[in-house]
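Inspection log for the structure reproduced underneath, given as structure tokens.
This one's a predicted model, so the numbers in the text were calculated from it and none came from an experiment. We use all heavy atoms of the structure for the numbers below, so side chains are in, but hydrogens, waters and symmetry mates are not.
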Amino acid sequence: MLNEKIAELLNVQINKEFYSAYLYLSFSNYFSDKGLDGFANWYRVQAQEERDHAMLFVQYMQNNDAKITFDAIGKPDAEFDSHMAVLEAGLKHERYVTGLINNIYAAAYEVKDFRTMQFLDWFVKEQGEEETNANDLIKKLNLFGSDPKSLYLLDQELAARTYAAPSLVL
């Protein structure tokens with residue numbers, strides 16, 4: 001049985017992951033409205049990943065007979081004044097999620113919940129990748145975003161991203 005505090009933190013994380021999916025869908029809509037379908041695709045795939053992250057937490061909770069509580073998912077702030085503002089908001093959000101995962105890990109360590117720590121190991125690694133990807137997008141937009149032809153090529157690169165479901169064994 002999961003420690004009460006750990007179960008509470010995992011429940012919060014489920015809702016944060018669903019919020020992340022909403023946030024990235026709002027980013028996708030922003031880029032779609034701007035005619036940057038590749039950027040829109042990249043964030044649509046990102047939203048799918050976040051939804052699956054939430055479902056991994058749900059499955060983990062179910063596997064541990066823990067009560068799951070779904071809260072209302074907040075409306076993302078969808079007002080952006082530039083492409084860069086969206087990408088920077090994405091990086092900021094990934095850093096926030098990394099902090100959440102680290103807090104759960106620290107709490108699990110405190111109560112010697114090694115099973116939850118092992119479960120979270122995948123998410124710790126994943127968050128490192130998420131932050132790197134978000135930072136790389138910012139670097140690429142800084143390099144290529146001011147030139148329309150280069151922005152077009154970057155958009156085409158992002159259009160090629162496909163979704164691959166996580167392969168985490170619970």
Side-chain angles (χ1 to χ4, degrees), residues 9-62 68-104 120 122-168 170:
L9 290 170
L10 291 170
N11 265 307
V12 168
Q13 192 63 35
I14 290 168
N15 288 286
K16 296 295 184 181
E17 296 291 341
F18 281 125
Y19 171 80
S20 296
Y22 270 35
L23 180 66
Y24 290 138
L25 285 174
S26 75
F27 290 1
S28 178
N29 287 337
Y30 167 87
F31 284 114
S32 183
D33 289 346
K34 302 295 182 187
L36 292 169
D37 295 334
F39 281 85
N41 174 68
W42 198 92
Y43 278 110
R44 219 175 8 264
V45 170
Q46 196 66 23
Q48 288 176 298
E49 280 190 8
E50 301 304 339
R51 181 204 160 273
D52 276 358
H53 293 171
M55 295 306 295
L56 288 170
F57 280 100
V58 166
Q59 186 65 56
Y60 183 76
M61 297 280 288
Q62 289 172 340
I68 298 168
T69 307
F70 295 109
D71 292 327
I73 299 172
K75 179 181 174 184
D77 180 11
E79 299 298 319
F80 300 104
D81 59 3
S82 69
H83 307 332
M84 185 59 76
V86 176
L87 300 186
E88 288 172 344
L91 178 58
K92 180 180 177 184
H93 184 72
E94 288 301 339
R95 288 177 175 158
Y96 169 71
V97 172
T98 297
L100 294 171
I101 298 292
N102 289 343
N103 288 340
I104 302 168
L120 292 172
W122 183 87
F123 287 95
V124 170
K125 180 179 178 284
E126 175 71 6
Q127 280 309 120
E129 292 173 10
E130 298 285 15
E131 286 187 34
T132 297
N133 290 340
N135 198 42
D136 286 350
L137 276 178
I138 289 170
K139 287 178 184 176
K140 287 178 180 182
L141 189 63
N142 273 329
L143 285 171
F144 308 119
S146 60
D147 175 53
K149 291 177 185 171
S150 296
L151 181 60
Y152 175 80
L153 291 174
L154 177 57
D155 190 58
Q156 294 303 300
E157 175 187 324
L158 298 178
R161 183 180 187 198
T162 58
Y163 180 68
S167 58
L168 177 63
L170 303 174

Non-neighbouring partners of N29 that pass side chain to side chain contact (heavy atoms under 4.5 Å, CB included), sequence neighbours left out
none
Audit row: F123, L56, side chain to side chain contact (heavy atoms under 4.5 Å, CB included) steps and yes/no
CA-CA 10 Å; F123 287 95; L56 288 170; 3.9 Å; yes
So do N11 and I14 actually touch side chain to side chain, heavy atoms under 4.5 Å?
yes
Taking only residues two or more places apart in sequence, or in another chain, which ones meet Y43 in a side chain to side chain donor-acceptor pair (under 3.5 Å)?
none
The side chain to side chain contact (heavy atoms under 4.5 Å, CB included) partners of D71 (sequence neighbours excluded) come to N15, T69
With a 4.5 Å cut-off on side-chain heavy atoms, are E130 and Q46 touching?
yes
What distance separates K92 NZ from E88 CD, expressed to the nearest 0.5 Å?
10.5 Å
Evaluate the criterion ring-ring contact (aromatic ring centres under 6.0 Å, His included) for residue pair Y24 and F27; output intermediate values, then yes/no.
CA-CA 5 Å; Y24 290 138; F27 290 1; 5.5 Å; yes
Measure the CG-CG distance between L151 and L36 for me, rounded to the nearest 0.5 Å.
5.0 Å
In this structure, are over 12 heavy atoms from other groups packed under 6.0 Å from F80 atom CZ?
yes
Roughly how far, to the nearest 0.5 Å, is NZ of K139 from CG of L87?
13.5 Å
Heavy-atom donor-acceptor pair, N41 side chain to L158 backbone, under 3.5 Å
yes
Set of side chain to side chain donor-acceptor pair (under 3.5 Å) partners for E131, sequence neighbours left out
T98
List the steps, then state whether side chain to side chain contact (heavy atoms under 4.5 Å, CB included) holds for L153 with F144.
CA-CA 9 Å; L153 291 174; F144 308 119; over 6 Å; no
List in chain and number order the residues that pass side chain to side chain contact (heavy atoms under 4.5 Å, CB included) with T132, two or more places apart in sequence or in another chain; answer none if no residue qualifies.
D136
Just to verify, what does E49 make a salt bridge (Lys or Arg N to Asp or Glu O under 4.0 Å) with, not counting sequence neighbours?
R161
Mind checking salt bridge (Lys or Arg N to Asp or Glu O under 4.0 Å) for K125 and listing every partner two or more places apart, or none if nothing turns up?
E129
Please list, chain by chain and in numerical order, all residues satisfying ring pair (Phe, Tyr, Trp, His ring centres under 6.0 Å) with F39, sequence neighbours excluded.
F31
Any residue meeting ring pair (Phe, Tyr, Trp, His ring centres under 6.0 Å) with F18, in chain and number order, not counting sequence neighbours:
none
Do side-chain atoms of Q127 reach the backbone of E94 as a donor and acceptor pair under 3.5 angstrom?
yes
Do H93 and E50 have side chains that approach each other closer than 4.5 Å (heavy atoms only, starting at C-beta)?
no
Side-chain heavy-atom pair L9, N103 within 4.5 angstrom cut-off
no
Can you name the side chain to side chain contact (heavy atoms under 4.5 Å, CB included) partners of N133, sequence neighbours left out?
W42
Heavy atoms only: give me the nearest S32-A40 pair and the separation to one decimal.
N-CB, 3.8 Å
Do H83 and Y30 come within less than 4.5 Å of each other through their side chains, counting heavy atoms only?
yes
Please report the closest heavy-atom contact between M61 and L10, naming both atoms and the distance.
SD-CB, 3.4 Å
Just jot down the salt bridge (Lys or Arg N to Asp or Glu O under 4.0 Å) partners of K140, sequence neighbours excluded, or say none.
E157
Taking OH in Y152 as the centre, count heavy atoms belonging to other residues, nucleotides or ligands within less than 6.0 Å. Is the count above 12?
no
Closer than 3.5 angstrom, by distance alone: can the side chain of Y19 be matched with the main-chain N or O of A72 as a donor-acceptor pair?
no
Once rounded to the nearest 0.5 Å, what's the spacing between atom CG of D155 and atom OG of S150?
12.5 Å
Rounded to the nearest 0.5 Å, what's the gap from CD on Q13 to CD1 on I104? Could you check?
4.0 Å
If the condition is side chain to side chain donor-acceptor pair (under 3.5 Å), which residues does Y96 pass it with, not counting sequence neighbours?
K16
